[in-house]
Amino acid sequence: MDTLEVLRRLCGQNGPSGFEGPVVNEAAALLRPFVDEVRVERLQSVLGIRRCGKEGAKKLLLDAHLDEIGFLIMGIEDGFLRFRTLGGVDQRMLPARELTVLTDPPILGVVATKPPHLQGPGESDKSIPLDELYLDTGMSQEEAEQAVPIGTPAVYRAEVFPLGETKICGKALDDRACFAILLRTLELLQNEALDVDLYVLGSSCEEVGGRGAKTAVYDVAPDFCVALDVTFGATPDEPKSKGRVMELGGGPVAGVGPVMARWMTQRLRTKALTRNIPCQLEVMSGSTGTNGDEFQIAREGIATAVLSLPLNYMHSPVEVIDRGDLEQTAQLLAAFIRDLGKEAPV
């Protein structure tokens, strides 16, 4: 699998929370060669099913969300678009940022910014409140009213590209890089007999509450779940020594805490150790901030693990991952799946 090409295909499709249609279609096309069935759920999650052919086989659900953070157009003033956020957008980075408004065809715009020459004392040291930001598309009031209906979504305008020899940079790597891991895992297991039925979910609306995961897990009713998501990578301004971030290039990250079934976390650690795959640990003392929170308490409760990919600059248009981490996470997940039905304690 050409990781960079797959990420370009996934991240090249715009799909903010609630408007995932284009990326769902791309994800479905990428899934089809590896599974027996692909379907789109009512809340625009995509689900691929690979059956093992064994009567009474247990079900394993693997999840990575497909939605990205974005914006909603809420008004027009003198031709400038007013907007609100979809998901956790850092408003500090919005001035002078390029956005794509998802009309048909899409319209490009830039978030208006005041030149430093015109700023008052101390103004440059403060982030601008969202209700004081405007999106400039170069249109008049009349043109904008005709072209951009209220409620139209928008996303960051950005591409996926190599960063040095080992890194990849772009928008929406949270969490489409983890969906690429699921595709790579399926590729690794393609010619192997399994003893569980695999359900591979590209879920919707994670950035606004995990609604796609909640409904899909209720529908599938799996015996086990693994939620794949990104976690915070170490940077110069947030070094690993603080204990809150993971190392890019340090391998996959297994979550440890009350949401995760202890035997599943231990299985990940054991499989990593026996295969010489580096595995970092992230203590999640409360909720995990992933769809794993939803899986654990679905129906009567489901054994859940959280497996994470380190990522820098989360919720920005320049997110960065390490290619080696992606491959090692897929290798670890494949090892976890082999003989799971036979070896699982529940």
Side-chain angles (χ1 to χ4, degrees), residues 1-3 5-7 9-10 20 23-66 175-204 212-213 215-229 252 261 264 267-268 271 275 291-292 294-295 298-299 302-307 309 326-344 346:
M1 188 179 88
D2 185 336
T3 299
E5 179 57 27
V6 167
L7 289 174
R9 288 180 62 178
L10 288 170
E20 295 93 347
V23 69
V24 163
N25 292 337
E26 192 66 44
L30 289 165
L31 267 176
R32 285 193 179 95
F34 302 114
V35 295
D36 303 310
E37 178 186 348
V38 174
R39 66 179 188 234
V40 177
E41 303 284 279
R42 289 183 181 176
L43 291 193
Q44 287 295 293
S45 297
V46 63
L47 184 68
I49 306 170
R50 178 187 162 179
R51 299 180 180 87
C52 68
K54 297 182 179 181
E55 185 176 354
K58 294 186 181 296
K59 301 177 184 177
L60 171 63
L61 176 66
L62 308 173
D63 166 73
H65 70 87
L66 290 173
D175 188 33
R176 295 176 196 168
C178 286
F179 192 81
I181 290 171
L182 297 184
L183 294 171
R184 174 60 178 150
T185 302
L186 289 171
E187 183 180 55
L188 290 169
L189 297 172
Q190 191 168 18
N191 298 316
E192 298 184 29
L194 302 178
D195 62 0
V196 293
D197 290 336
L198 285 184
Y199 290 76
V200 178
L201 179 68
S203 55
S204 64
T215 53
V217 73
Y218 187 90
D219 178 30
V220 173
D223 298 282
F224 329 104
C225 295
V226 180
L228 273 76
D229 211 329
M264 293 183 75
R267 182 180 176 85
L268 286 169
K271 296 298 182 182
R275 286 161 176 77
N291 282 335
E294 314 304 335
F295 296 150
R299 291 184 173 264
I302 299 172
T304 297
V306 173
L307 187 60
L309 177 73
L326 191 150
E327 175 63 23
Q328 289 173 333
T329 305
Q331 293 282 350
L332 178 55
L333 185 58
F336 177 89
I337 293 167
R338 295 184 183 103
D339 297 321
L340 176 62
K342 178 175 64 177
E343 298 175 359
V346 293

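Predicted, not measured: the structure shown is a model, and the values here were computed from it.
Taking CD from Glu26 and CZ from Phe179, the interatomic distance works out to 10.0 Å, rounded to the nearest 0.5 Å. Note that CG of Asn291 is 8.5 Å distant from CG of Asp175, once rounded to the nearest 0.5 Å. Atom CG of Leu228 is separated from atom CG of Leu201 by 11.5 Å, given to the nearest 0.5 angstrom. Going from atom CD1 of Ile181 over to atom CG of Leu188 covers 11.5 Å, rounded to the nearest 0.5 Å. Taken from CG in Asp63 to CG in Asp229, the straight-line distance is 8.0 Å, to the nearest 0.5 Å. Here the straight-line distance linking atom CG of Leu198 with atom CD1 of Ile49 works out to 10.5 Å at 0.5 Å rounding.
Using a distance-only test at 3.5 Å, with no hydrogens or angles considered, no donor-acceptor pair links the side chain of Lys342 to the main chain of Asp195. The main-chain N or O of Phe336 is found under 3.5 Å from a side-chain atom of Arg267 such that the two form a donor-acceptor pair. Judged by distance alone, with hydrogens and angles left aside, the side-chain atoms of Asp223 form no donor-acceptor pair with the main-chain N or O of Lys58 at under 3.5 Å. A donor-acceptor pair under 3.5 Å is formed between the side chain of Glu187 and the backbone N or O of Met1.
By the 4.0 Å N-to-carboxylate-O rule, Glu343 lies close enough to Lys271 to be salt-bridged with it.
Taking the side chain as every heavy atom from C-beta outward, Glu37 and Val35 never approach each other to under 4.5 Å. Annotation: side chain of Leu60 is not in contact with side chain of Leu194 (no heavy-atom distance under 4.5 Å). With contacts defined as side-chain heavy-atom distances shorter than 4.5 Å, the pair Arg176/Val23 qualifies. Side-chain contact between Leu47 and Leu61: present, with at least one pair of heavy atoms (C-beta onward) separated by less than 4.5 Å. Side chains of Val46 and Glu20 form no contact here, defined as non-hydrogen atoms less than 4.5 Å apart.
The minimum heavy-atom distance between Phe34 and Arg50, with the atom names listed, is O-CD, 4.1 Å. Contact record, Ser204 with Gln44: CB-O, 3.7 Å, taken as the closest heavy-atom pair. In this structure, Leu66 and Ala27 approach most closely via the heavy-atom pair CD1-CB, 3.8 Å. The minimum heavy-atom distance between Leu309 and Cys178, with the atom names listed, is CB-SG, 4.0 Å.
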Could you list the donor-acceptor pairs under 3.5 angstrom formed by side chains in residues 326-334, with sequence neighbours left out?
from: Glu327; atom 1: OE1; to: Arg184; atom 2: NE; distance (Å): 2.9
from: Glu327; atom 1: OE2; to: Arg184; atom 2: NE; distance (Å): 3.4
from: Glu327; atom 1: OE2; to: Arg184; atom 2: NH2; distance (Å): 3.1
from: Glu327; atom 1: OE2; to: Gln331; atom 2: NE2; distance (Å): 2.7
from: Thr329; atom 1: OG1; to: Asp325; atom 2: O; distance (Å): 2.6

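A search for side-chain contact (heavy atoms from CB on, under 4.5 Å) contacts involving Asp197 returns Arg51, Cys52, Ala57, Tyr199, not counting sequence neighbours. Remark: Glu192 pairs with Leu189, Arg338 by the side-chain contact (heavy atoms from CB on, under 4.5 Å) rule, at least two apart or across chains. Applying the side-chain hydrogen bond (donor to acceptor under 3.5 Å, both in side chains) test to Asp219 and every residue at least two apart in sequence or in another chain returns Arg39. Applying the side-chain contact (heavy atoms from CB on, under 4.5 Å) test to Ala29 and every residue at least two apart in sequence or in another chain returns Arg9, Arg32. Taking the side-chain contact (heavy atoms from CB on, under 4.5 Å) definition, one finds that Ala298 meets it with Val217, Ile302, sequence neighbours left out.
The environment of Arg42 atom CZ is sparse: at most 12 non-hydrogen atoms of other residues, nucleotides or ligands sit within 6.0 angstrom.
A donor and an acceptor atom, one from each side chain of Ser203 and Ser45, are nowhere located under 3.5 Å apart.
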